[in-house]
Amino acid sequence: MNERDFFNERQEAKRATFSCPHCRTRAEYEVRWLRRTKKPAPPRGASELDRARFAKSRDYMVRVDDVLMCVGCRKRFDIPNSQSVVFI
Ligand SMILES: [Zn+2]
């Protein structure tokens with residue numbers, strides 16, 4: 001049983017401003033996130049262990065994008081914020 005059985009998944013885009021480490025251009029980018037919202041009940045046929053895992057699960061968002069392409073120099077750079085999972 002995996003995460004997808006516990007959560008409803010929805011993709012969202014969040015706008016954030018980043019500076020390119022190559023050319024220092026600041027620009028706003030859309031960063032894609034996956035919002036995982038816990039289902040109202042554990043899936044049918046869930047084992048004891050899965051039920052326990054489900055009980056402990058919380059809603060969270062996981063970042064889809066790791067890399068952006070600079071609008072100035074067109075080089076790729078890593079999203080500087082190292083946090084790629086956020087509990088909500
Ligand atoms: Zn750049």
Side-chain angles (χ1 to χ4, degrees):
M1 205 149 279
N2 66 48
E3 299 272 285
R4 278 171 182 262
D5 299 315
F6 291 179
F7 295 95
N8 293 312
E9 227 173 50
R10 197 177 69 211
Q11 193 168 300
E12 292 185 4
K14 282 189 179 185
R15 298 187 76 81
T17 303
F18 298 106
S19 295
C20 170
H22 308 292
C23 70
R24 313 238 159 243
T25 301
R26 273 178 76 78
E28 210 178 55
Y29 295 90
E30 288 221 325
V31 179
R32 288 172 298 160
W33 291 76
L34 227 45
R35 179 186 286 271
R36 293 208 169 114
T37 311
K38 198 169 157 179
K39 291 182 176 174
R44 290 164 67 115
S47 67
E48 281 298 303
L49 195 67
D50 288 328
R51 285 175 184 279
R53 268 176 58 208
F54 181 84
K56 273 193 279 182
S57 301
R58 290 162 58 195
D59 296 353
Y60 68 100
M61 294 182 78
V62 58
R63 198 176 64 210
V64 178
D65 293 318
D66 289 323
V67 175
L68 297 171
M69 191 173 73
C70 173
V71 295
C73 68
R74 297 279 170 200
K75 285 186 186 153
R76 290 170 170 277
F77 64 92
D78 291 337
I79 294 177
N81 181 355
S82 60
Q83 197 175 30
S84 59
V85 174
V86 178
F87 288 95
I88 42 177

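Nothing fancy with the numbering, it's 1 onward along the sequence.
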Please report, to 0.1 Å, the donor-acceptor pairs under 3.5 Å made by any side chain of residues 72-80, with sequence neighbours excluded.
none

Apply side-chain hydrogen bond (donor to acceptor under 3.5 Å, both in side chains) to [X] and list each qualifying residue two or more places apart in sequence or on a separate chain.
X: Thr17; result: none
X: Glu28; result: Arg15
X: Arg35; result: Glu12

(message) With heavy-atom distances below 4.5 Å as the criterion, would you say the side chains of Phe6 and Arg53 are in contact?
(response) yes
(request) Would you indicate whether the side-chain heavy atoms of Arg36 and Asp59 approach each other to under 4.5 Å? (result) no
(request) Report whether Leu68 and Val71 are members of the same hydrophobic cluster (ILVMFWY, side-chain heavy atoms less than 4.5 Å apart, transitive linking). (result) yes
(request) Check whether Val64 and Phe87 end up in the same hydrophobic cluster, where Ile, Leu, Val, Met, Phe, Trp and Tyr are linked by side-chain heavy atoms less than 4.5 Å apart. (result) yes
(message) Any side-chain to backbone donor/acceptor pair from Lys56 onto Arg51? Under 3.5 Å, distance only.
(response) no
(message) Tell me if a side-chain donor or acceptor on Asn8 pairs with a main-chain N or O of Lys39 at a distance below 3.5 Å.
(response) no
(request) For Trp33 and Val86, run side chain to side chain contact (heavy atoms under 4.5 Å, CB included): C-alpha distance rounded to whole Å, both residues' side-chain angles, the deciding distance at 0.1 Å, then the answer. (result) CA-CA 10 Å; Trp33 291 76; Val86 178; 3.8 Å; yes
(message) I need the Gln11 CD to Leu34 CG distance, nearest 0.5 Å.
(response) 6.0 Å
(message) Let me confirm one number: the CG-OG distance from Asp5 to Ser57, rounded to the nearest 0.5 Å.
(response) 11.0 Å
(message) For Val31 versus Phe18, what's the shortest heavy-atom pair and its separation?
(response) CG2-CE1, 3.8 Å
(request) Apply side chain to side chain contact (heavy atoms under 4.5 Å, CB included) to Ile88 and Met61, showing your working. (result) CA-CA 7 Å; Ile88 42 177; Met61 294 182 78; 3.8 Å; yes
(message) Salt bridge check, Lys14 against Glu30: does any charged N sit closer than 4.0 Å to a carboxylate O?
(response) no
(message) Less than 4.0 angstrom from a charged side-chain N to a carboxylate O is my criterion; do Asp65 and Arg32 meet it?
(response) yes
(request) Mind checking ring-ring contact (aromatic ring centres under 6.0 Å, His included) for Phe7 and listing every partner two or more places apart, or none if nothing turns up? (result) Tyr60
(message) Is it true that Arg24 and Ser19 share a donor-acceptor pair across their side chains at a distance under 3.5 Å?
(response) no
(request) Could you list the residues that satisfy salt bridge (charged side-chain N to carboxylate O under 4.0 Å, His left out) with Glu48, not counting sequence neighbours? (result) none
